[in-house]
Amino acid sequence: MARFSPGPVRRYRWKELGLFIIPFMILVLEMIQLPIAQYYQSKIQTNQLSIPFSTALLPSFRDLIPVFGLIAALVGMNILLSFFFSRSDQILLPLAGLMSGVGVLMALRLGPDVGDPILGIRQLVWVLLGLLICIATISGLRNLNWLQRYKYTWASLGILLVGLTIFNALRVKNLDSPTHDQLNFGPLKLQPSELLKIFIVIFFAAYLSENRDVLAEGNFRLGPLRLPPLRQLGPIMLMLAISLLLFLVIRELGLALLIYGIFLSMMYLGSGKLSYVIGGLLIFAALGFIGFKLFGYVQARFAAVTIDVVNWQNWTPAIQQFVRGPAFQIVQGVIALSSGGIIGAGFGLGHTGTFVPVAQSDMIFTALGEELGLTGLFAIIGIYLLIIYRGYRIAIEASNGFDQLLAAGLTSIFAIQALIIVAGNMKFLPLTGLPLPFLSYGGSSIIANYIIIGILLRISHNTAMERAGLA
Amino acid sequence: MTLDVFLLILRLLLIVLLYLFLMQVVIAITRDLRKTAAVSSDVGSHVPPIVGHLIVVDSGPSNTLPGTSFDLQPQTTIGRGPTNTIQLTDTFISGEHTRLWFRNGAWYVQDAGSTNGTFVNNQPARDPLAARPGDIIQVGFIRFKLAQ
């Protein structure tokens with residue numbers, strides 16, 4: 001009996017399981033800390049100093065159920081992937097799992113402060129749903145050519161979503177409310193922009209991979225710049241017009257920035273020509289300047305960047321007025337970040353939820369900054385970098401042009417979105433209403449992120465299967 | 001032990017765990033990279049093996065001569081574009097026309113989204129089709145015979 005099947009045991013995703021161990025420890029640790037921290041804060045308010053520690057303060061098993069649910073779901077993913085898609089990437093899921101776990105814990109922790117006690121449970125349900133959709137995406141996309149073949153379908157679905165959003169925005173009329181871009185279907189609040197970005201990337205990837213050669217030649221000259229022929233440029237310009245429309249009509253500065261960023265990076269990846277990127281940036285600067293001159297809200301967002309929070313004693317009355325009004329959120333966020341310091345106040349021990357508006361979604365980075373400190377933020381940015389690295393690596397290894405562009409484009413969504421919102425929270429860029437991938441509260445965002453993870457896992461699985469067939 | 005000391009320990013433990021996790025991932029990635037580097041230096045030291053041939057049977061409207069033989073690598077692409085393994089200058093061939101790959105001793109042929117299609121024994125190959133030596137593979141209007 002020398003022959004025994006090495007199959008299931010050797011093909012099991014041990015690496016992924018091993019990488020899950022520390023994230024699980026982190027999640028359990030935080031969950032244990034949360035009720036103790038709440039108890040501590042309630043005691044501090046009654047001016048009671050040096051509270052003794054007793055084991056009675058430790059939460060019971062029942063209190064840890066939310067985190068155990070998430071851990072069970074992630075282990076379930078590991079087992080399912082091992083059986084059906086054992087060759088897909090093993091590093092992506094632990095990274096994404098830790099991030100969404102921290103997101104759930106932050107929602108659990110911020111929920112009572114922002115006046116929504118079941119916020120955390122809802123976020124947990126969204127993450128579980130997201131994991132299900134991730135599995136559905138991997139098994140559903142057996143053949144990625146299907147995405148490529150129906151590229152105009154995806155483009156028209158994207159246009160439909162934009163139409164719905166604009167229609168809704170015109171109906172709501174109050175463009176200053178933070179939720180004017182949501183669609184309400186009964187109890188569900190959908191953010192169509194989250195799906196829109198995926199459709200746009202699929203369309204760009206299909207379109208660019210087909211017209212790669214023509215675009216790389218660039219035989220339409222405009223001064224020193226060589227542009228692709230107009231026939232190939234048409235559909236791309238259409239997608240750009242959409243992003244401009246979002247910018248002009250429904251004041252979605254963040255989404256317009258994101259779509260334009262995706263467009264530039266995919267043009268560069270598809271053609272390898274720096275001149276397109278430089279040309280695109282020049283056009284962007286021109287459009288941005290026009291937008292700045294035309295719209296008060298853009299000017300207000302830029303003005304907020306120039307506020308000097310450190311020298312708050314020297315503020316003129318005009319600035320003080322401005323800080324109480326349009327720039328309130330960003331200034332409060334910077335104060336939260338600074339109060340976190342190097343190692344932070346500790347999970348559950350900050351106050352961001354009570355003094356920064358929308359701390360659970362747009363400003364989650366400041367909440368994390370206050371409670372985990374600079375070291376925690378560095379770790380979070382490090383995890384983002386590793387997710388992005390993994391995504392681009394999957395793109396490099398993919399076997400055909402469409403898969404490569406698709407993986408790179410989807411990864412660019414994470415990169416650009418995290419960059420825009422983190423820089424916005426830290427007062428480097430104008431603050432925009434994009435969610436931070438995996439960490440912000442929000443169903444649409446979680447689902448969209450897990451669709452992206454699903455597609456990336458599928459691409460890596462297909463690549464590995466083709467490689468293995470050769471060996 | 002007072003409560004704030006306990007909370008401080010938990011806080012420091014969290015930071016340690018976060019960075020341990022980052023380190024673990026980086027180690028896993030480095031190991032992965034070394035493995036791929038070893039494999040690709042293995043592959044890079046010699047040219048991809050030639051595992052088959054395509055022989056032109058009917059050149060259709062193109063100026064390729066019947067009887068011309070093209071070498072097939074384990075992963076071969078046919079098309080007009082400069083990135084293809086086999087480049088054919090025929091107006092009825094798309095930029096990226098056909099993909100062929102060799103897996104587990106069998107050839108698979110799939111159309112890469114061309115205008116004029118790919119056929120294996122007159123069957124359209126929009127989804128991967130298996131092919132054996134002797135089969136006729138039609139790329140656009142050029143017909144090839146698959147040979148070992």
Side-chain angles (χ1 to χ4, degrees), chain A residues 15 18-19 21-23 25-26 29-30 32-33 36-37 39-40 43 49-53 57 90-91 94-95 98 143 145 148-149 206 209-214 343-349 372-373 375-376 378-380 382-383 386 389-390 393 397 399-402 465-470, chain B residues 1-29 31-33 36 39-40 43 48-49 51 73-75 77 79-84 94-96 99 101-108 110-115 126-128:
Chain A
K15 199 204 280 176
L19 286 174
I21 293 171
I22 295 181
M25 282 162 68
I26 292 175
L29 180 80
E30 296 296 86
I32 291 173
Q33 188 178 344
I36 301 175
Y39 171 80
Y40 181 76
K43 284 290 169 193
L49 297 171
S50 77
I51 311 141
F53 171 73
L57 287 175
Q90 302 200 31
I91 292 172
L95 292 167
L98 175 61
N143 193 347
N145 286 348
Q148 186 176 14
R149 205 178 300 155
S209 69
E210 269 168 37
N211 298 302
R212 211 171 194 169
D213 297 337
V214 188
I343 63 165
F347 182 70
L349 295 167
L372 306 182
T375 41
F378 272 138
I380 282 167
I383 294 172
L386 290 171
Y389 163 79
R390 231 28 223 180
R393 175 130 193 98
E397 295 199 339
S399 54
N400 65 48
F402 173 69
M465 289 302 272
E466 276 184 31
R467 288 272 163 85
L470 302 175
Chain B
M1 184 167 66
T2 56
L3 197 53
D4 33 358
V5 175
F6 180 69
L7 285 170
L8 180 69
I9 293 170
L10 285 187
R11 205 190 311 171
L12 294 177
L13 194 60
L14 170 73
I15 290 169
V16 170
L17 281 178
L18 271 175
Y19 282 92
L20 269 182
F21 176 62
L22 281 180
M23 202 178 77
Q24 196 191 4
V25 173
V26 169
I27 288 172
I29 285 173
R31 208 175 282 160
D32 203 50
L33 270 180
T36 13
V39 170
S40 60
V43 171
V51 280
Q73 293 166 11
Q75 288 254 32
T77 55
R80 208 147 35 93
T83 48
N84 291 294
S94 301
E96 277 181 33
R99 296 205 309 134
W101 62 98
F102 192 61
R103 183 193 293 173
N104 298 336
W107 278 101
Y108 292 88
Q110 190 189 13
D111 193 76
S114 70
T115 316
R126 297 205 81 165
D127 293 319

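Owing to the predicted nature of the structure, the values given are computational and were not obtained by experimental measurement. Just so you know, these numbers use all the heavy atoms, side chains as well, and skip hydrogens, waters and symmetry mates.
Proximity to chain A involves both the backbone and the side chain of B/Phe21, based on heavy atoms less than 4.5 angstrom apart. Interface residue A/Leu386: only side-chain heavy atoms are found under 4.5 Å from chain B. Only the side chain of A/Ile91 comes within less than 4.5 Å of a heavy atom of chain B; its backbone N, CA, C and O stay farther away. Heavy-atom distances place the side chain of A/Leu349, and not its backbone, under 4.5 Å from chain B. Heavy-atom distances place no part of A/Phe347 under 4.5 Å from chain B, backbone and side chain included. A/Gln90 does not touch chain B: none of its heavy atoms, backbone or side chain, sits under 4.5 Å away. Both the backbone and the side chain of A/Phe378 come within less than 4.5 Å of a heavy atom of chain B. At a 4.5 Å heavy-atom cutoff, the contact between B/Leu20 and chain A is made by backbone and side-chain atoms alike. Heavy-atom distances place both the backbone and the side chain of B/Arg126 under 4.5 Å from chain A. Proximity to chain A is limited to the side chain of B/Leu8, based on heavy atoms less than 4.5 angstrom apart. Looking at A/Ile32, there are no atoms closer than 4.5 Å to chain B (heavy atoms on both sides), in backbone or side chain.
B/Trp101 and B/Tyr108 have parallel rings, their planes meeting at less than 30° on a 0 to 90° scale where 60° marks the start of perpendicular.
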Exercise. Report the C-alpha distance between A/Gln148 and A/Ser209 in whole Å, list the side-chain angles of each, state the deciding distance to 0.1 Å, and finish with yes or no for side-chain hydrogen bond (donor to acceptor under 3.5 Å, both in side chains).
Key: CA-CA 9 Å; A/Gln148 186 176 14; A/Ser209 69; 3.3 Å; yes
Quiz item: Can you check salt bridge (Lys or Arg N to Asp or Glu O under 4.0 Å) on A/Glu30 and B/Arg11, steps first, answer last?
Solution: CA-CA 9 Å; A/Glu30 296 296 86; B/Arg11 205 190 311 171; over 6 Å; no
Exercise. Give the C-alpha distance, both sets of side-chain angles, the deciding distance and a yes or no for side chain to side chain contact (heavy atoms under 4.5 Å, CB included) between B/Ile29 and A/Arg390.
Key: CA-CA 9 Å; B/Ile29 285 173; A/Arg390 231 28 223 180; 3.9 Å; yes
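With chain B as the partner, the residue from A/Gly376, A/Pro23, A/Gly18, A/Gly382 showing the most heavy-atom pairs under 4.5 Å is A/Pro23. Note: A/Arg393 leads A/Glu397, A/Met25, A/Arg393 in heavy-atom pairs under 4.5 Å with chain B.
With hydrogens and angles ignored, the 3.5 Å screen pairs no side-chain donor or acceptor of A/Asn145 with any backbone N or O of B/Ala112. Here the side chain of B/Arg80 pairs no donor or acceptor atom with the backbone of B/Glu96 at under 3.5 angstrom.
The CG atom of B/Asp127 sits 10.0 Å away from the CG atom of B/Asp111 when rounded to the nearest 0.5 Å. Note that the CG atom of B/Leu14 and the CD1 atom of B/Ile9 stand 14.0 Å from one another [nearest 0.5 Å].
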